[in-house]
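What follows is a single structure, written as structure tokens, with notes after it.
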Amino acid sequence: MNHTPRRRTAALAVASAISLLTLSSPTAGAQAPTVAAAAPDVPVANVQAHLQKLQDIATANNGNRRAGSAGYTASTSYVKSTLEAAGYTVTLQRCTTCDYPSDNVVADWPGGDASKTYMFGAHLDSVSAGPGINDNGSGSAILLENALQLAKANPTLTGHVRFAWWTDEEQGLNGSAHYVKSLTSAQRGQIKAYYNFDMVASTNGGYFINHITTAAAAPMKAYWDSLGLQPEENVEGAGRSDDYSFENYGIPTSGYAMGASARKTSAQASKWGGTAGSAYDPCYHSACDKYPSNINVTGLDRSADGLAYTIWHTAVDGGGTTPVGGPLANGGFESGATAWTGSVSRITNSTGRPAHTGSWKLWLGSHGTTTSEEVSQSFAVPADAASPTLTYWIRIDTAESGSTVYDKATVQVNGTTKHSYSNASTPKSTWSQKTIDLSAYKGTTITLRLAATEDSSLQTSFVIDDVATSF
Ligand code: TRP
Ligand code: ZN
């Protein structure tokens with residue numbers, strides 16, 4: 001499934017809008033995004049085929065793919081030959097300092113500025129207890145399919161892209177540590193960010209991002225935010241996977257994970273589904289970490305597509321700089337004014353009114369004097385969305401009484417009012433979730449506007465939070 005904020009049709013819509021503007025502004029077309037900038041839909045079936053292959057390898061080799069074992073060597077051969085068939089030059093780097101000496105697989109896609117290298121990695125080894133399909137066939141397989149998709153699309157690159165599959169992670173991050181140490185400091189300085197993919201399809205998982213608030217994490221987060229997933233910091237996995245080997249040398253890192261043996265909280269089960277009180281991956285480091293039973297295909301797909309989005313937004317020409325048509329961002333207002341324009345001082349963490357989740361929200365009204373406030377944001381609705389919808393939560397309280405309308409709020413799409421509220425709206429002082437069907441806007445960039453007016457006396461507060469899209 002593809003949830004990538006598509007630019008193709010949005011670009012056409014923008015281009016035609018610009019041709020009208022051209023009458024007064026002949027250079028406006030220079031900013032039109034290019035068709036080539038869109039990240040691909042990574043076919044999850046292809047990712048699943050790689051996982052089947054890794055399962056078959058384990059089955060044929062004593063049930064595991066532990067570093068240094070026959071199952072591990074067969075895994076490196078599969079990754080290497082698949083990459084070579086797609087045009088990659090693949091290096092096997094012997095990890096001599098590993099507990100089980102064996103090879104890292106490193107593959108560079110030719111092109112881009114090597115002084116801006118973006119690395120994407122996953123550990124390829126399993127524990128000896130089992131085939132290691134979620135840990136970490138899942139990260140290995142989305143990485144492999146992304147490498148193939150990059151070769152197939154062959155976009156013009158600004159940054160340089162390097163993929164790596166690490167050995168001996170399970171014995172202490174040894175393969176990746178060996179690799180980073182083997183680089184010169186000049187070579188390390190060329191790596192602008194390292195992205196890690198470890199356990200990205202946990203059956204009872206959540207949506208976790210390493211160093212979620214950093215610049216490196218921004219495209220990873222923007223993609224999952226665009227799906228309304230409300231990702232959280234990867235607390236459980238901190239310092240426990242190969243990103244830590246890069247972090248130790250001061251290289252910015254991020255990554256996706258769906259979780260290991262820690263248990264899902266009830267708050268997490270409410271927002272993501274699954275079973276509260278159970279491990280994110282009940283088969284962590286066990287014989288039952290098998291394909292297909294221990295793979296969450298939805299999570300696998302979302303991770304694969306977010307990885308593609310991140311490759312495109314870091315290293316592909318035009319892939320991350322288009323002025324319009326990105327996903328909805330900061331819908332929970334937790335990043336303050338980020339991505340919103342207008343009366344952004346009304347985005348607040350004031351304790352005067354509760355947030356729906358987190359502490360920040362949009363708090364329109366409340367003045368009891370004549371005011372008019374609004375915030376807006378533009379974002380893309382994918383052309384191939386099955387049922388695009390926008391949701392948000394609203395909570396209204398007022399000092400007015402009776403059914404006469406004095407203070408009002410509207411939620412608009414492209415200037416059309418979708419929902420209206422007032423001091424007379426019910427329910428009061430409680431949150432309700434509202435939905436807007438966006439089917440009519442597929443393949444376009446739309447502007448969402450949240451606005452309120454108050455008359456000269458008696459406050460009404462319209463508090464809005466957790467604006468999200470789903471496609
Ligand atoms: N897979 C690694 C391990 O076995 C790292 C890890 C542990 C991890 N817990 C995690 C990765 C949680 C992501 C999320 O130790
Ligand atoms: Zn592990």
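Whatever order the structure lists them in is the order used to number ligands and atoms, beginning at 1. All values reported here derive from a predicted model rather than from experimental measurement.
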Can you tell me which residue among [options] is in a side-chain contact (heavy atoms from CB on, under 4.5 Å) with [X]?
| X | options | value |
| --- | --- | --- |
| P327 | Y223, F379, Y309, W224 | Y309 |
| Y194 | T253, V180, N210, T117 | T253 |
| H123 | N104, T167, D135 | D135 |

Item checked: Aromatic plane relationship, F197 with Y256 - under 30° parallel, 30 to 60° tilted, over 60° perpendicular ->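 Judged by the thresholds at 30° and 60°, the geometry between Y256 and F197 is perpendicular.
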Notebook entry, point to check: How are the rings of Y195 and F120 set to each other: parallel, tilted or perpendicular (split at 30° and 60°)?
Noted result: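 Because their plane-to-plane angle is under 30°, the rings of Y195 and F120 count as parallel.
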Show the distances, to 0.1 Å, for all pairs joining an N/O atom of ligand 1 and a protein N/O atom that are shorter than 3.5 Å, listing one pair per line.
from: ligand 1; atom 1: 1 (N); to: D135; atom 2: OD1; distance (Å): 3.1
from: ligand 1; atom 1: 1 (N); to: D135; atom 2: OD2; distance (Å): 3.4
from: ligand 1; atom 1: 1 (N); to: D198; atom 2: OD1; distance (Å): 3.2
from: ligand 1; atom 1: 1 (N); to: D198; atom 2: OD2; distance (Å): 2.9
from: ligand 1; atom 1: 4 (O); to: D135; atom 2: OD2; distance (Å): 3.3
from: ligand 1; atom 1: 4 (O); to: E170; atom 2: OE1; distance (Å): 3.0
from: ligand 1; atom 1: 4 (O); to: Y284; atom 2: OH; distance (Å): 2.9
from: ligand 1; atom 1: 4 (O); to: H285; atom 2: NE2; distance (Å): 2.8
from: ligand 1; atom 1: 15 (O); to: Y284; atom 2: OH; distance (Å): 3.2

Which side-chain N or O atoms in residues 42-53 pair as donor and acceptor under 3.5 Å with protein atoms at least two apart or in another chain?
from: N46; atom 1: ND2; to: E145; atom 2: OE2; distance (Å): 3.0
from: Q48; atom 1: NE2; to: Y291; atom 2: OH; distance (Å): 3.4
from: H50; atom 1: ND1; to: Y78; atom 2: OH; distance (Å): 2.7
from: H50; atom 1: NE2; to: E145; atom 2: OE1; distance (Å): 2.8
from: Q52; atom 1: NE2; to: D56; atom 2: OD1; distance (Å): 3.0

Margin query: Applying salt bridge (Lys or Arg N to Asp or Glu O under 4.0 Å), can you list everything that pairs with D465, at least two apart in sequence or on another chain?
Written below: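 D465 satisfies salt bridge (Lys or Arg N to Asp or Glu O under 4.0 Å) with no residue once adjacent residues are dropped.
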Next item on the list: State whether Y72 and R66 meet the cation-pi test: NZ (Lys) or CZ (Arg) under 6.0 Å from the six-membered ring centroid, and within 45° of the perpendicular axis.
Entry: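 Negative - R66 is either too far from the ring of Y72 or too far off its axis.
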Notebook entry, point to check: the Zn ion (ligand 2): which protein N, O or S atoms are under 2.8 Å away?
Noted result: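 Per the 2.8 Å query on the Zn ion (ligand 2), atoms found are D135 OD2, E170 OE1, E170 OE2, H285 NE2.
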Notebook entry, point to check: Will you find, in the side chains of D466 and T357, an N or O donor that is under 3.5 Å from an N or O acceptor?
Noted result: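 Side chains of D466 and T357: pair found under 3.5 Å.
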